[in-house]
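Order of appearance sets the numbers: ligands from 1, and atoms from 1 within every ligand. Quick caveat, the model's predicted, so the values are computed rather than measured. For the numbers below, each heavy atom of this structure counts, side chains included, while hydrogens, waters and symmetry mates do not.
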Amino acid sequence: MGALKYLIIHCTATPQGREVSSGELRKWHTDPVSKGGRGWSQVGYTDMFHLDGRVERLVRNNEDMTVDAFEATNGASGYNDKSRHIVYVGGLDKDAKTTKDTRTPAQLESLERYVKDFHSRFHLVRIIGHNEISSKACPSFDVQQWLKEIGINQ
Ligand SMILES: [Zn+2]
């Protein structure tokens, strides 16, 4: 495993207003493909931002600059040994067809608090959206624009 280089923001790609439990998310990622999961050995993200702003830690992390094997999550292949992945619940319109920034006021607040704290501790780690390293819509908002709005210059 390597040095921490990226904090990558994701969405669960679920409809606006629909809560997702960590158990549900874990099943989607770690259930065998034959059972409709992705068959991963670990869930995709370290921390999960619920609709009410609560931050749930999914995978143990010792908060240092090294991505240890026990900390690695599966958010984006090729990046997992140098990244921490975080996810907010949402990212799709109510019809579940259109990508949309569905962050609730509580999620916006806790995500801002988290990212600011993270940036103050790891100012050399670049904060990006999944869509900056992959041709995906995830996390359904422009992370660089949002970082500027909340006063983070990286
Ligand atoms: Zn993603």
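Using cut-offs of 30° and 60° for the angle between ring planes, the Phe118 and Phe122 rings count as tilted.
Among the atoms of Cys138, an N, O or S atom is found under 2.8 Å from the Zn ion (ligand 1).
The Zn ion (ligand 1) is closest to atom ND1 of His130 (considering only N, O or S atoms). The minimum distance between the Zn ion (ligand 1) and any N, O or S atom of His10 involves atom ND1.
Geometric assessment of Arg60 against the ring of Phe70 yields a positive cation-pi assignment under the 6.0 Å and 45° thresholds.
In terms of the salt bridge (charged side-chain N to carboxylate O under 4.0 Å, His left out) criterion, Asp64 has no residue partners (sequence neighbours excluded).
Of the charged side-chain nitrogens involved, none lies within less than 4.0 Å of a carboxylate oxygen, so that Asp95 and Lys97 do not count as a salt-bridged pair.
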